[in-house]
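For reference, the structure discussed in these notes is given below.
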2 protein chains.
Amino acid sequence: MNESNLCPRLAKAMDLIGKRWTGLILYQLLDGPQRFNEIESSLPVSGRLLSERLKELEKEGLVERKVYSEVPVRVEYSLTDKGWALEGAIRNIESWATSWL
Amino acid sequence: MNESNLCPRLAKAMDLIGKRWTGLILYQLLDGPQRFNEIESSLPVSGRLLSERLKELEKEGLVERKVYSEVPVRVEYSLTDKGWALEGAIRNIESWATSWL
DNA sequence: ACTCTTAAGTTACATTTAGTAATTAAATAA
DNA sequence: TTATTTAATTACTAAATGTAACTTAAGAGT
């Protein structure tokens, strides 16, 4: 399709962040560790996709998943250092949204 | 699905930027005005979607479209002020990608 | 033992969006 | 008249998303 010299890391970053809901999930986690249901109720995302996205983010090392064997079970998701490193970008989008939308 | 107090502007920003290819199209335009074919060859995006995305970005006021009645026709796309205002966010993602991917 | 409750998912299926390749439109040049 | 070039659009297939029902696990109550 092309002979581009597109940076593969940027392409991957955009693919990751650009996936639907991912940005907003990360934004939610800037408020601190949250359990599955908290994230689900804070965003118009379904359990199906939330589960899928959290798995991707965990696999990419942006998010950490912790299971607490309480009753009923509690599962908490939080940002890793790699995830926190995106805070600047996310805040930047947030302030752009405030100024321009 | 939820009772969220999700900021509608942030939601819209994420929906826009989070759409596939949009981030990379904007990134390309940081290099200056470019014609349709230039963008198409610089990214692994098809003409169909590139056309669709550029229309959305034009409609949202991030991108400007200029037609030059040369032969054959030349169509140039460039960032508006609103589009340029996203430069910080995009560069931020770029540097995150360099550091973490 | 058996049913109930709750969180955290998963599954099945319909709808929407994206990918691919062929086609069209407009303006000229040969 | 036919060919060429850019900028799309169209028709069709494949993949991603939305929706709602279902499952699993671990007690708690009777």
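Regarding A:Glu70, its CD atom lies at a distance of 12 Å from the P atom of C:dA7, rounded to whole Å. In this structure, the CG atom of B:Leu50 is 10 Å from the C1' atom of D:dA8, given to the nearest Å. C:dA18 atom P lies 11 Å from atom CD1 of B:Ile25, rounded to whole Å. In this structure, A:Glu56 places its CD atom 11 Å from C1' of D:dA16, rounding to the nearest Å. In this structure, B:Leu49 atom CG and D:dA7 atom P are separated by 17 Å, rounded to whole Å. A straight line from CG of B:Asp15 to P of C:dT16 spans 16 Å, rounded to a whole angstrom. Per the geometry, CD belonging to B:Glu40 stands 13 Å off C1' belonging to D:dT5, to the nearest Å. Distance, B:Glu76 CD to D:dT6 C1': 13 Å, rounded to whole Å.
When heavy atoms are screened at a 4.0 angstrom cut-off, A:Tyr77 is found touching the sugar-phosphate backbone but no base atom. Heavy atoms of B:Glu52 sit under 4.0 angstrom from primed sugar atoms or phosphate atoms, though from no base atom.
In this structure the side chain of A:Arg65 never reaches within 4.5 angstrom of the side chain of A:Lys55, judged on heavy atoms. Proximity of B:Leu24 to A:Asp15: side-chain heavy atoms (C-beta onward) are nowhere separated by under 4.5 Å. No side-chain heavy atom of B:Arg35 sits under 4.5 Å from any side-chain heavy atom of B:Val73. With contacts defined as side-chain heavy-atom distances shorter than 4.5 Å, the pair A:Trp84/A:Leu30 qualifies.
Using a 4.0 Å cut-off, no side-chain N or O of A:Asn37 falls inside it from OP1 or OP2 of C:dT6. For the pair A:Arg74 and C:dA8, the criterion of a side-chain N or O lying under 4.0 Å from OP1 or OP2 is not met. Taking 4.0 angstrom as the limit, A:Lys55 places a side-chain polar atom (N or O) nearer than this to OP1 or OP2 of C:dT10. In this structure, A:Ser46 does not reach the D:dT17 phosphate: none of its side-chain N or O atoms is under 4.0 Å from OP1 or OP2. Within the 4.0 Å cut-off from OP1 or OP2 of D:dA16, not a single side-chain nitrogen or oxygen of B:Lys19 is found. Phosphate proximity of C:dG19 to B:Trp21: present, with a side-chain N or O under 4.0 Å from OP1 or OP2.
No donor-acceptor distance shorter than 3.5 angstrom exists from the side chain of B:Glu60 to the backbone of B:Leu16, with no hydrogens or angles considered.
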Q.
Before you tell me yes or no, could you show the steps for A:Ile90 and B:Met14 under side-chain contact (heavy atoms from CB on, under 4.5 Å), namely the whole-Å CA-CA distance, both residues' side-chain angles and the distance that decides it to 0.1 Å?
A. CA-CA 9 Å; A:Ile90 297 170; B:Met14 288 295 189; 4.1 Å; yes
Q: I would like to know whether B:Leu57 and B:Lys82 meet side-chain contact (heavy atoms from CB on, under 4.5 Å); could you show each step before the answer?
A: CA-CA 10 Å; B:Leu57 290 171; B:Lys82 187 173 175 180; over 6 Å; no
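Here the side chain of A:Arg65 is nearest to one of C:dT6, C:dG9, D:dG18, namely C:dG9. The side chain of B:Arg20 has C:dG19 as its nearest neighbour among D:dT17, C:dA7, C:dG19.
Under 4.0 Å is where a charged nitrogen must lie from a carboxylate oxygen, and between A:Glu56 and A:Lys59 no such pair does.
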Q | Bracket notation of DNA chain D in which parentheses pair within the strand, [ ] cross earlier pairs, and | pairs with another strand (Watson-Crick or G-U, under 3.5 Å) | A | ||||||||||||||||||||||||||||||
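Applying the 3.5 Å distance criterion, the base of D:dG18 shares a donor-acceptor pair with the side chain of A:Arg48.
Mapping B:Arg35 and A:Gly47 onto DNA chain D by nearest heavy atom places B:Arg35 at the nucleotide closer to the 5' end.
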